[in-house]
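Please read the structure below before turning to the comments.
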Amino acid sequence: MPELPEVQTIVNELSQTIIGRIIKSCEIKRDSVIDRSSTDFRRAIRNCKFTSISRKGKYLIFQFDKPLWMIVHLRMTGKFILVADHQENRYGRVIFKLDNGLQMIFHDVRCFGTIELSSDIDKHKKLFSLGCDPWDKALTPESLAIKLRHRKASVKSILLNQSIIAGLGNIYASEILFDAKIDPTRVVTKLTLSQLKQLIKSTKKILASALKNNGTTISDYRRVDDKQGTFQNFLKVYGKQGEPCQTCKTPIQKIKQNQRSTFFCKICQR
DNA sequence: AGCGGAACCTGTCGGC
DNA sequence: TGCCGACAGGTTCCGC
């Protein structure tokens with residue numbers, strides 16, 4: 001579900017409300033969401049104060065007032081809800097009770113989401129294996145070309161690989177490739193340096209615009225407290241199969257790549 | 001090494 | 001109406 005712009009929106013909104021708050025207790029409704037026994041988890045997190053919230057790739061990172069971090073991945077359907085009282089909610093998987101009476105609910109229909117605790121964030125394997133941020137200065141056409149030089153996968157597949165660029169998902173991959181006028185099925189080593197340059201440029205452009213719109217709400221993604229993003233109003237290809245391309249009027253194609261939908265214009269994208 | 005497919009879990013939608 | 005398969009914004013594991 002949420003990609004970089006959605007996760008960043010949630011970071012921004014949670015920061016405004018929970019920095020400085022202390023977790024008084026925690027209720028775990030679904031054990032598979034957390035990375036240890038519920039007893040150990042509750043004990044570790046009790047009386048911790050939130051000092052900052054940040055994002056790496058699609059991971060949310062909550063920092064506390066001691067050497068402890070909570071690392072959350074929302075996967076497809078995870079979201080956070082802040083409420084004064086916890087009405088019984090079928091999909092509330094973990095409920096954090098804060099010192100100001102608010103409850104922060106981790107809500108996740110499909111239960112793919114994960115919550116982990118770490119006492120040494122620099123040694124967290126999954127975070128360590130992430131590629132660079134799209135706005136990282138180290139991301140240049142030349143560095144990308146070197147990193148991809150022996151790859152055989154399509155450019156769409158490479159965009160979804162979090163160890164190369166972190167934060168892109170299925171919606172923005174299609175939108176970025178349309179903006180860059182690159183065929184998603186193209187083997188990545190066949191791209192020219194100027195196409196790689198355009199790819200990086202389009203990535204930053206699309207993500208910045210999505211962020212400005214608080215993300216894309218199609219079905220499940222919600223901001224904190226169920227508010228919706230608005231970038232769905234600006235999508236040009238995702239979910240638009242059969243509709244005319246905004247540039248050349250040719251119907252948008254929908255294909256499957258690695259079991260996932262890709263949308264593109266076969267005329268504009270080469 | 002790195003690719004594609006299956007699996008994880010739950011809900012919804014479209015077709016017959 | 002009812003059932004059944006396909007599909008959903010992600011990642012990990014496995015076999016090749």
Side-chain angles (χ1 to χ4, degrees), chain A residues 1-10 29-35 55-60 71-80 89-94 106-116 124-131 146-178 184-190 203 206-207 210-211 213-223 226 228-242 254-263:
Chain A
M1 167 191 86
E3 308 177 38
L4 187 154
E6 291 75 28
V7 176
Q8 186 64 51
T9 298
I10 292 168
K29 302 278 198 179
R30 176 73 73 116
D31 285 341
S32 63
V33 170
I34 55 176
D35 67 339
R55 173 194 64 73
K56 186 163 185 199
K58 300 173 196 170
Y59 289 88
L60 290 141
I71 300 142
V72 176
H73 200 299
L74 304 167
R75 297 288 179 100
M76 302 286 262
T77 53
K79 59 185 177 178
F80 281 103
N89 181 323
R90 195 170 166 193
Y91 307 112
R93 308 303 186 187
V94 180
F106 177 70
H107 180 287
D108 187 8
V109 171
R110 291 175 73 179
C111 294
F112 285 172
T114 56
I115 302 181
E116 297 167 81
H124 193 274
K125 271 193 185 160
K126 294 175 198 160
L127 294 179
F128 186 77
S129 69
L130 290 175
I146 291 169
K147 198 161 189 177
L148 299 176
R149 91 197 119 161
H150 299 303
R151 297 287 187 146
K152 293 191 170 66
S154 67
V155 60
K156 160 74 179 328
S157 175
I158 292 293
L159 287 183
L160 293 184
N161 185 333
Q162 302 300 302
S163 72
I164 296 167
I165 301 175
L168 305 181
N170 209 36
I171 296 180
Y172 298 119
S174 280
E175 293 298 318
I176 287 163
L177 289 166
F178 178 76
T185 65
R186 183 80 80 89
V187 172
V188 76
T189 45
K190 302 285 186 193
T203 298
I206 296 291
L207 293 181
L211 192 49
N213 282 280
N214 298 305
T216 302
T217 297
I218 290 178
S219 59
D220 291 307
Y221 163 68
R222 292 294 186 277
R223 294 156 60 194
D226 272 353
Q228 302 198 9
T230 53
F231 193 70
Q232 62 277 14
N233 301 320
F234 303 98
L235 296 174
K236 294 189 172 170
V237 289
Y238 186 87
K240 309 285 185 192
Q241 71 273 25
K254 177 181 181 178
I255 59 169
K256 284 275 180 197
Q257 290 181 282
N258 303 357
Q259 318 177 86
R260 311 201 67 192
S261 298
T262 301
F263 302 85

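Chain letters run A, B, ... following the sequence lines, proteins first and then strands; every chain starts at 1. Just so it is clear, the values below take in all heavy atoms, side chains as well, and ignore hydrogens, waters and symmetry mates.
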* To do: Taking salt bridge (Lys or Arg N to Asp or Glu O under 4.0 Å) as the test, write out the residues that go with A:Lys254, two or more places apart.
  => none

* To do: Not counting sequence neighbours, which residues clear salt bridge (Lys or Arg N to Asp or Glu O under 4.0 Å) with A:Arg55? List them please.
  => A:Asp133

* Report which part of the nucleic acid A:Lys256 touches: base, sugar-phosphate, or nothing (heavy-atom distance under 4.0 Å, all strands). => sugar-phosphate

* Checking all strands, does A:Ser157 fall into the base, sugar-phosphate, or nothing category for heavy-atom contacts under 4.0 angstrom? -> sugar-phosphate

* How does protein contact run along nucleotides 9-16 of chain B, one letter per nucleotide 5' to 3', with B for base contact, S for sugar-phosphate only, - for none, heavy atoms under 4.0 Å? -> BBS-----

Rounded to whole Å, how long is the line connecting atom [atom1] of [X] with atom [atom2] of [N]?
X: A:Arg151; N: B:dA1; atom1: CZ; atom2: C1'; answer: 8 Å
X: A:Ile171; N: C:dA8; atom1: CD1; atom2: P; answer: 11 Å
X: A:Asn258; N: C:dG10; atom1: CG; atom2: P; answer: 13 Å
X: A:Tyr172; N: C:dG10; atom1: OH; atom2: C1'; answer: 15 Å
X: A:Asn161; N: B:dG4; atom1: CG; atom2: P; answer: 11 Å
X: A:His150; N: B:dG2; atom1: NE2; atom2: C1'; answer: 12 Å
X: A:Gln257; N: B:dG5; atom1: CD; atom2: C1'; answer: 15 Å

With sequence neighbours left out, what residues match [X] under side-chain hydrogen bond (donor to acceptor under 3.5 Å, both in side chains)?
X: A:Gln257; value: A:Ser154, A:Thr262
X: A:Ser129; value: none
X: A:Gln232; value: none
X: A:Thr189; value: none

* **Residues, nucleotides or ligands: over 12 heavy atoms within 6.0 Å of A:Lys147 NZ** => yes

What's the gap between [N] and [M] when it is taken at their [atom1] atoms, as a whole Å value?
N: B:dG5; M: C:dA6; atom1: P; answer: 15 Å
N: C:dC14; M: B:dC9; atom1: P; answer: 15 Å
N: B:dT10; M: C:dT1; atom1: P; answer: 28 Å
N: B:dA6; M: C:dG5; atom1: P; answer: 16 Å

* To do: Classify the angle between the aromatic ring planes of A:Phe231 and A:Tyr172 as parallel (below 30°), tilted (30 to 60°) or perpendicular (above 60°).
  => tilted

* Structure fact -> Sequence neighbours excluded, the answer for ring-ring contact (aromatic ring centres under 6.0 Å, His included) partners of A:His73 is A:Tyr59

* Structure fact -> Residues passing the ring-ring contact (aromatic ring centres under 6.0 Å, His included) test with A:Phe263, sequence neighbours excluded, are A:Tyr238

* **side chain to side chain contact (heavy atoms under 4.5 Å, CB included) involving A:Lys190 - partner list, sequence neighbours excluded** => A:Arg186, A:Val187

Pull out every protein N or O sitting under 3.5 Å from an N or O of nucleotides 11-13 of chain C, one pair per line with the distance.
residue, atom, partner, partner atom, Å
C:dT11, OP1, A:His73, NE2, 2.9
C:dT11, OP2, A:Lys58, NZ, 2.9

* A:Gln162 side chain to A:Gly131 main-chain N or O, any donor-acceptor pair under 3.5 Å? -> no

* With Watson-Crick and G-U wobble geometry limited to distances under 3.5 Å, how should the secondary structure of DNA chain C be encoded in dot-bracket form, using | for bases paired to another strand and [ ] for crossing pairs? -> .|||||||.|||||||

* For C:dA8, does either OP1 or OP2 sit under 4.0 Å from a side-chain N or O belonging to A:Ser261? -> yes

